[in-house]
Amino acid sequence: MTGRRLVLLGPPGSGKGTQGELLAASLGIPTVSTGALFRDQMARGTALGVEAQTYIAQGHLVPDRVTNAMVKSRLAAADAAPGFILDGYPRNVPQVAVLDEILSAQGWSLSAALSLELPEELIVDRLLKRALIEGRADDTEPIIRQRLAVYQCETAPIIDLYAARGLLVSVGAVGAVAEIAARIHSALGVDE
Ligand code: ADP
């Protein structure tokens, strides 16, 4: 089933990337991950990547000016026309407004905002384990704690905002990957 436009919400380490990919495969639409887009730009050493790197390395948000332009251009690509899953965007209230503009300019609307819920004490553990596997430079304990603080302060408020719009779907993100995927598919009414 296509035609879905979804936003994935949840703290760092809640499994947005993993679950986003599984859901995207079921729906036949792409995921648009701002973190992955930034890491690609950094790996290629582009001007955008060089600018983003200083913020990402410190666990701060990349400035909205840079992030919004990158997302706008990615969502204009042909493969996003049938639908998409946004992972890591929007991440603050101003980005919600920019997404609203991008959507309405195309006559699109959001299908749902899926929130992956995970107790804070599990987050640091998960990210430190991921650091061993993926070797991401921003997965050190002090930077993880900084990213969590940014999440609580800047990103968590947008959950209420989407709830007020009647778009919020919350799913518990504790358990095995397949188990959580099953919960998500059923909460959204998508066949696996
Ligand atoms: P995680 O969800 O584990 O924190 P991401 O891969 O989503 O990891 O993001 C990594 C980093 O990229 C963030 O800490 C932030 O610096 C930057 N970033 C990602 N998305 C955004 C965004 N929407 N706005 C600003 N910065 C972002």
Side-chain angles (χ1 to χ4, degrees), residues 5-24 30-44 46-75 80 84-103 110 113-159 161-162 171 173 177 180:
R5 296 182 186 90
L6 297 160
V7 164
L8 283 184
L9 302 171
S14 57
K16 297 188 298 295
T18 306
Q19 295 297 338
E21 290 303 330
L22 294 171
L23 187 59
T31 58
V32 173
S33 159
T34 43
L37 290 172
F38 284 133
R39 283 187 287 280
D40 175 60
Q41 297 277 339
M42 291 190 288
R44 291 192 285 122
T46 65
L48 193 158
V50 170
E51 180 170 8
Q53 164 117 41
T54 45
Y55 298 94
I56 293 176
Q58 294 172 36
H60 296 304
L61 294 186
V62 176
D64 284 352
R65 162 186 55 83
V66 176
T67 308
N68 289 332
M70 181 179 78
V71 170
K72 202 170 177 177
S73 110
R74 176 64 188 85
L75 292 183
F84 50 80
I85 299 174
L86 279 168
D87 161 12
Y89 186 93
R91 227 173 173 101
N92 59 23
V93 173
Q95 291 181 8
V96 171
V98 171
L99 178 59
D100 287 341
E101 282 166 24
I102 296 173
L103 293 168
L110 277 189
L114 178 74
S115 172
L116 299 182
E117 316 233 301
L118 185 71
E120 190 162 335
E121 61 269 22
L122 294 183
I123 296 173
V124 178
D125 240 41
R126 276 202 191 183
L127 290 176
L128 288 173
K129 279 188 194 126
R130 180 173 81 186
L132 295 176
I133 300 164
E134 294 180 12
R136 260 176 62 176
D138 60 342
D139 277 346
T140 61
E141 189 156 354
I143 301 301
I144 289 169
R145 297 213 180 270
Q146 169 61 31
R147 280 157 55 209
L148 276 176
V150 169
Y151 176 78
Q152 289 305 343
C153 171
E154 307 233 10
T155 312
I158 77 181
I159 294 181
L161 210 150
Y162 283 120
V171 171
V177 169
I180 299 162

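Remember, it's 1-based here, ligands and their atoms both numbered in the order they're listed.
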**Report entry** Other residues, nucleotides, ligands: >12 heavy atoms within 6.0 Å of Arg145 CZ
**Finding:** no
Query raised in the report: Do Asn68 and Tyr89 come close enough that some side-chain heavy atom pair is under 4.5 Å?
Result: yes
Query - Atoms in ligand 1 with a heavy atom of Tyr89 nearer than 4.0 Å - result: 23 (N)
Requested in this report: Please tell me if the side chains of Arg136 and Arg130 come closer than 4.5 Å, counting only heavy atoms from C-beta onward.
Outcome: yes
Query raised in the report: Does a side-chain heavy-atom distance below 4.5 Å link Leu103 with Leu110?
Result: yes
Query raised in the report: Looking at Glu134 and Arg39, does any basic side-chain N land under 4.0 Å from a carboxylate oxygen?
Result: no
Query - For atom 7 (O) of ligand 1, the option (of Arg91, Arg147, Glu154, Arg126) bearing the nearest heavy atom - result: Arg91
Query - Residue, atom name and distance, where the atom is the protein heavy atom closest to atom 26 (N) of ligand 1 - result: Val62 N, 3.0 Å
Report task. Using a 4.0 Å heavy-atom cut-off, say whether Ile56 meets ligand 1 through its side chain, its backbone, both or neither. Result -> both
Report summary line: Lys16 heavy atoms within 4.0 Å reach ligand 1 at atoms 2 (O)
Query raised in the report: What atoms of ligand 1 come within less than 4.0 Å of a heavy atom belonging to Arg130?
Result: 3 (O)
Report task. Using a 4.0 Å heavy-atom threshold (strictly under), name the region of His60 that reaches ligand 1: side chain, backbone, both or neither. Result -> backbone
Requested in this report: For ligand 1, indicate whether the residue Tyr151 contacts it via side chain, backbone, both or neither (heavy-atom separation under 4.0 Å).
Outcome: neither
Report task. Among all protein heavy atoms, pick the one closest to atom 20 (N) of ligand 1 and tell me residue, atom and distance. Result -> Thr34 OG1, 2.7 Å
Report task. Verify the distance criterion only: is there a donor paired with an acceptor across the side chains of Asp64 and Gln95 at less than 3.5 Å? Result -> yes
**Report entry** Check: Leu118 and Arg126 side chains under 4.5 Å, non-hydrogen atoms
**Finding:** yes
Report task. Please write down residue, atom name and distance for the protein heavy atom closest to atom 24 (N) of ligand 1. Result -> Gln95 NE2, 2.9 Å
Query raised in the report: What's the shortest distance from atom 10 (C) of ligand 1 to any protein heavy atom, and which residue and atom give it?
Result: Arg136 NH2, 3.6 Å
Query raised in the report: Looking only at protein heavy atoms, which one is nearest to atom 23 (N) of ligand 1, and how far off is it?
Result: Gly88 O, 2.8 Å
Report task. Would you check if Phe38 and Val66 make a side-chain contact, meaning some heavy-atom pair closer than 4.5 Å? Result -> yes
Query - Numbering as shown, the atoms of ligand 1 that approach Arg39 to under 4.0 Å (heavy-atom distance) - result: 6 (O), 10 (C)
**Report entry** Arg147 and Asp139 ion-paired at < 4.0 Å
**Finding:** yes
**Report entry** Closest protein heavy atom to atom 27 (C) of ligand 1, given as residue, atom name and distance to 0.1 Å
**Finding:** Phe38 CE1, 3.7 Å
